[in-house]
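Predicted model only: the values in this text are computed from it and were never measured. In this chain, numbering begins with 1 at the start of the sequence shown.
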Amino acid sequence: MRILVVEDDPLLLDGLTVGLGLAGFTVDAVGTREDACAAVRTQRYDCVVLDLMLPDGSGLDVLADLRRRDDATPVVLLTARDQVADRIAGLDAGADDYVGKPFDLDELAARVRAAVRRGKGRPSPTLNWCGVVLDPASRTAHRDGTPVSLTRREFAVLEALMERPESILSKSALEETIYGWQEELESNAVEVHVHKLRAKLGADFIKTVRGVGYRLTERAA
């Protein structure tokens, strides 16, 4: 799950990047309105974590840019606890949720996951497909009730596929989901992760559609 974090405080931005990364998110981080607007115009995100007070304008301008283009990417605002008017303005402008500063990182991660679920119309907190259950909150996976140990990258690939189990995801789409701007990408990284997932979940669980990408095995009739 790839998210954009927009925060002008360098220390807080670093903390959010590391903390949300440990929570399983692939994080791109920027500190200005201009960079945020450029990012959301060039990259698809599962969610945007958006500070309202930026050095070159308001985070509401970033939100307005998204909604003006009919981009429904979930947005979670970071606001000062005493700025009720800002929270109301943000929600009325199309934000999905807000977290008041100072905040608990685990709560922020949970609110991001919830916003993404609502945005995708998925009420369940877990992903389920053909006996495999994935829990993004606890970062755990089970097949037929048996725990399966996954690396962070393996989990991210499987999560992306299970979010859209009947769709074919291209190699580049998976790369964009699991690797951020600052991360080095090896040419065969996706193939390696898929190979390891097949070894853990079954050779037929992930199908290769030659020349197109990957998809999960079809659900049994």
Side-chain angles (χ1 to χ4, degrees), residues 1-5 17 20-28 39-40 42-48 71-74 109-110 112-221:
M1 190 181 299
R2 188 169 180 175
I3 66 174
L4 176 69
V5 176
T17 302
L20 292 173
L22 291 174
F25 299 100
T26 298
V27 182
D28 290 338
V40 297
T42 57
Q43 174 67 48
R44 291 288 300 177
Y45 291 100
D46 292 291
C47 187
V48 177
D71 188 327
T73 300
V112 170
R113 288 191 295 268
V116 172
R117 286 199 307 271
R118 290 193 299 270
K120 294 182 178 181
R122 177 171 58 83
S124 174
T126 61
L127 297 164
N128 304 268
W129 190 258
C130 294
V132 175
V133 178
L134 206 64
D135 187 342
S138 63
R139 311 304 294 170
T140 56
H142 292 77
R143 180 172 183 111
D144 298 326
T146 301
V148 179
S149 178
L150 301 177
T151 67
R152 183 169 72 92
R153 300 288 191 211
E154 291 164 5
F155 195 100
V157 169
L158 184 58
E159 184 179 22
L161 290 167
M162 291 184 69
E163 285 278 9
R164 300 171 60 190
E166 298 181 353
S167 300
I168 300 171
L169 297 187
S170 67
K171 176 183 175 180
S172 61
L174 289 171
E175 288 173 344
E176 289 181 359
T177 297
I178 64 176
Y179 287 95
W181 294 332
Q182 307 299 322
E183 297 175 293
E184 185 177 353
L185 172 63
E186 296 182 4
S187 60
N188 65 337
V190 169
E191 290 89 342
V192 170
H193 297 318
V194 169
H195 174 75
K196 291 181 177 179
L197 284 168
R198 285 172 173 156
K200 296 177 180 182
L201 302 173
D204 294 331
F205 189 72
I206 299 176
K207 300 286 189 181
T208 298
V209 181
R210 190 172 299 277
V212 182
Y214 301 94
R215 61 163 298 164
L216 299 187
T217 186
E218 295 182 7
R219 191 187 294 277

Spatial distance of atom [atom1] ([X]) from atom [atom2] ([Y]) [nearest 0.5 Å]:
{"X": "Phe25", "Y": "Ile3", "atom1": "CZ", "atom2": "CD1", "answer": "5.5 Å"}
{"X": "Trp129", "Y": "Glu218", "atom1": "CH2", "atom2": "CD", "answer": "8.5 Å"}
{"X": "Leu4", "Y": "Gln43", "atom1": "CG", "atom2": "CD", "answer": "9.0 Å"}
{"X": "Leu216", "Y": "Ile206", "atom1": "CG", "atom2": "CD1", "answer": "6.5 Å"}
{"X": "Ile178", "Y": "Met1", "atom1": "CD1", "atom2": "CE", "answer": "14.0 Å"}

Taking all heavy atoms of [X] and all of [Y], pick out the closest pair and write down the distance.
{"X": "Tyr45", "Y": "Ala39", "answer": "CE1-O, 3.7 Å"}
{"X": "Ala109", "Y": "Ala23", "answer": "CB-CB, 4.2 Å"}
{"X": "Pro74", "Y": "Gly119", "answer": "CG-CA, 4.5 Å"}

Inset, instruction - May I have all residue pairs that pass salt bridge (Lys or Arg N to Asp or Glu O under 4.0 Å) and include part of residues 207-216, sequence neighbours excluded? - result: none

Inset, instruction - Mind jotting down which residue pairs meet the salt bridge (Lys or Arg N to Asp or Glu O under 4.0 Å) criterion with at least one end in residues 188-202? Sequence neighbours excluded, please. - result: Glu154-Lys200, Lys171-Glu191

Legend entry - Residues which pass side-chain contact (heavy atoms from CB on, under 4.5 Å) with Asp135, listed by chain and number, not counting sequence neighbours: Thr126, Ala137, Ser138, Thr140

Inset, instruction - Output yes when a side-chain donor or acceptor of Thr26 lies under 3.5 Å from a complementary backbone atom of Gly180, and no otherwise. - result: no

Side-chain donor-acceptor pairs under 3.5 Å in residues 155-170, sequence neighbours left out?
from: Glu163; atom 1: OE2; to: Arg122; atom 2: NH2; distance (Å): 3.3
from: Ser170; atom 1: OG; to: Ser172; atom 2: OG; distance (Å): 3.1
from: Ser170; atom 1: OG; to: Ala173; atom 2: N; distance (Å): 3.1

Legend entry - For Arg117, all residues meeting salt bridge (Lys or Arg N to Asp or Glu O under 4.0 Å), sequence neighbours excluded: none

Inset, instruction - Using salt bridge (Lys or Arg N to Asp or Glu O under 4.0 Å) as the criterion, list what pairs up with Asp71, not counting sequence neighbours. - result: Arg44

Inset, instruction - Output, in order, the C-alpha distance, side-chain angles, deciding distance and verdict of side-chain contact (heavy atoms from CB on, under 4.5 Å) for Val148 and Val132. - result: CA-CA 9 Å; Val148 179; Val132 175; over 6 Å; no

With [X], which residues qualify under side chain to side chain donor-acceptor pair (under 3.5 Å), at least two apart?
{"X": "Arg153", "value": "Glu183"}
{"X": "Ser149", "value": "none"}
{"X": "Tyr179", "value": "His193"}

